[in-house]
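Residue numbers start from 1 in every chain, and the chains themselves are labelled A, B, ... in the order their sequence lines are given, proteins ahead of strands. Bear in mind that the values here come from a model prediction, so they are computed numbers and not experimental data.
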Amino acid sequence: MPELPEVEHAARALARATSGARIVRAKVLHPYVGRNLRKTSLRRLVGRAIARVERRGKHQLAMLDDGSMLHVHFRMTGDWVVSSREQELPRFARFVLELENGARIVLADPRALSTVEVLEPGASLATMLGPDAVSEQFDAAHLRTALARRRIAIKPALLDQSVVAGIGNIYAAEALWLARIDPRVPASRLGARDVERLVRAIRRVLSRGRDGSGRYTTAGSARLNVYDREAKRCPRCGTSIARIVQAARSTYWCPGCQVNPALRATRP
DNA sequence: AGGAGCCTGCGC
DNA sequence: GCGCAGGCTCCT
């Protein structure tokens, strides 16, 4: 369940379940999930306490008391299941952490695309991340600069985690709809006012998008205005919602009210 | 810039 | 069956 609000929720759940507790066991149950792990590094976790948990974009970092870090990425379908050691493992359990307080934290992921790795003290994430989408560092000035020389369309640009960290496919579409921007517009063609609207739209979209459990849904959700709604009516203008493919990902958008800013300028 | 691929389940 | 999926990396 991999968009930023969901990862934030998951990271908090992890923090709550672990807070200060020592790890007594750490085990990968699916080889693909541990593909970035060196054979011995999981054992280094045993005996360490989890001091705190941070989220950076959609990455989770559990900071251990010796300065090393447990780095987890849910990709498409990962999630934490918190229970106790006596309970049965949940379906799709791919990685298990057991704590001396009796808690058991399981990474459940049907597709097993999640990754778990241990970073040495002082190491940093291998990926370049832009400012977090819900941080103050992410503002119109930053986004404008980051997009200035990009010739790719704005929608795939928003998915580029080095531009801004934490936006996924669903909320990229939803934010562009809110800001009334055509997803196909070259990123560098957005004007200052478009970028400002877009930043506000991103903030709004990321501040909703969750039900009480921290999950989101697609079909049947009143919150999603365009995503997964091909051929349905745009809630704003009634036009039939379109689906296109950009950078091999689905983009849903409204051809009626999401306009190309360049065209808007020539037709006042 | 575009596509394949990773792995598995689900809906048609 | 087949095609699709909320992400990301790596390759042409």
Side-chain angles (χ1 to χ4, degrees), chain A residues 1-11 28-37 55-61 71-81 89-95 106-117 125-130 132-133 147 149-177 183-189 202 205-206 208-211 213-221 223-232 243-253:
Chain A
M1 34 164 263
E3 294 247 15
L4 186 148
E6 295 77 24
V7 177
E8 173 71 23
H9 181 87
V28 169
L29 306 177
H30 188 297
Y32 195 72
V33 168
R35 62 194 178 277
N36 296 335
L37 267 177
R55 178 192 57 75
R56 295 186 200 160
K58 287 174 277 190
H59 300 255
Q60 296 175 75
L61 285 174
H71 170 218
V72 176
H73 197 297
F74 283 163
R75 299 290 174 122
M76 302 263 230
T77 46
D79 196 6
W80 294 122
V81 176
L89 282 178
R91 211 180 164 201
F92 310 125
R94 308 305 192 193
F95 170 71
V106 177
L107 196 171
D109 180 359
R111 289 177 71 179
L113 295 173
S114 292
T115 53
V116 171
E117 70 178 327
L125 293 184
T127 12
M128 275 275 289
L129 290 183
D132 195 275
L147 297 179
R149 298 188 60 87
R150 309 292 310 254
R151 316 173 91 182
I152 61 171
I154 182 60
K155 159 67 164 34
L158 289 180
L159 296 181
D160 183 338
Q161 302 294 299
S162 70
V163 170
V164 48
I167 301 179
N169 199 37
I170 294 178
Y171 294 157
E174 294 294 319
L176 287 166
W177 179 85
R184 304 165 302 172
V185 178
S188 59
R189 299 279 292 277
I202 288 166
V205 162
L206 292 179
R208 333 176 270 179
R210 259 188 304 135
D211 64 23
S213 71
R215 297 177 168 281
Y216 61 79
T217 53
T218 53
S221 170
R223 290 188 311 275
L224 296 178
N225 292 298
V226 282
Y227 185 84
D228 203 24
R229 301 193 67 241
E230 182 177 16
K232 300 198 171 123
R243 174 184 178 272
I244 58 176
V245 174
Q246 295 179 288
R249 316 288 307 276
S250 289
T251 297
Y252 297 89
W253 67 295

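Atom CD1 in A:Ile244 sits about 17 Å away from atom C1' in C:dC4, given to the nearest Å. If you take CZ of A:Arg243 and C1' of C:dA5, they are 10 Å apart, rounded to a whole angstrom. At whole-Å resolution of the value, CG in A:Asn36 and C1' in B:dC7 are 15 Å apart. Here C:dC8 presents its C1' atom at 12 Å from CG of A:Asn169, a figure rounded to the nearest Å. A:Arg184 has its CZ atom 17 Å from the P atom of B:dA1, to the nearest Å. In this structure, CD of A:Gln246 is placed 16 Å from C1' of C:dG7, rounded to the nearest angstrom. The separation between A:Leu113 atom CG and C:dC10 atom C1' is 15 Å, rounded to whole Å. In this structure, A:Ile170 atom CD1 and C:dG7 atom C1' are separated by 12 Å, rounded to whole Å.
Between the side chain of A:Arg151 and the base of B:dA1 there is no donor-acceptor pair of N/O atoms closer than 3.5 Å.
With values rounded to the nearest 0.5 angstrom, A:Leu125 atom CG is found 8.0 Å from A:Glu117 atom CD.
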request  = Step by step, work out the salt bridge (Lys or Arg N to Asp or Glu O under 4.0 Å) result for A:Asp228 and A:Arg243.
outcome  = CA-CA 8 Å; A:Asp228 203 24; A:Arg243 174 184 178 272; over 6 Å; no
request  = Before giving the answer on side-chain hydrogen bond (donor to acceptor under 3.5 Å, both in side chains), spell out for A:Thr77 and A:Asp109 the whole-Å C-alpha distance, their side-chain angles and the decisive distance to 0.1 Å.
outcome  = CA-CA 5 Å; A:Thr77 46; A:Asp109 180 359; 2.5 Å; yes
request  = Could you go through the side-chain hydrogen bond (donor to acceptor under 3.5 Å, both in side chains) check for A:Arg150 and A:Ser188 one step at a time?
outcome  = CA-CA 6 Å; A:Arg150 309 292 310 254; A:Ser188 59; over 6 Å; no
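Across all strands, A:Arg249 comes closer than 4.0 Å to base atoms (heavy-atom distances). Within the nucleic acid shown, A:Thr115 has no heavy atom closer than 4.0 Å to any nucleic acid atom. Among the atoms of the strands shown, only primed sugar atoms or phosphate atoms (P, OP1, OP2) are found under 4.0 Å from some heavy atom of A:Arg94.
Listed nucleotides B:dT8, C:dG7, C:dA5 differ in distance to A:Tyr252; the shortest reach to its side chain belongs to C:dA5. When distances are taken from the side chain of A:Met76 to each of C:dT9, B:dC10, C:dA5, the shortest belongs to C:dA5. For A:Ser250, the side-chain atoms get nearest to C:dA5 when compared with the rest of C:dG7, C:dA5, B:dC7.
Between A:Trp177 and A:Tyr252, the distance from one ring center to the other does not fall under 6.0 angstrom.
Between A:Tyr32 and A:Phe92, the residue anchored nearer the 5' end of DNA chain B, judged by the nucleotide with its closest heavy atom, is A:Tyr32. Residue-to-nucleotide proximity on DNA chain C shows that, of A:Arg111 and A:Leu159, the 5′-proximal contact is made by A:Arg111.
Regarding contacts with the backbone of C:dG7, every side-chain N or O of A:His59 stays at 4.0 angstrom or more from both OP1 and OP2. Side-chain N/O atoms of A:Gln161 include none lying less than 4.0 angstrom from OP1 or OP2 on C:dG7. Contact annotation: A:His73 does not reach the phosphate of C:dG7 (side-chain N/O to OP1 or OP2, under 4.0 Å).
Between the A:Glu3 side chain and the A:Gly168 main chain, a donor and an acceptor come within less than 3.5 Å of each other.
For the P atom pair drawn from B:dC7 and C:dC10, the interatomic distance equals 15 Å after rounding to whole Å. Nucleotides C:dG3 and B:dG5, compared at atom C1', are 16 Å apart to the nearest Å.
The base-pairing partner of C:dG1, taking Watson-Crick or G-U wobble contacts with both distances under 3.5 Å, is B:dC12.
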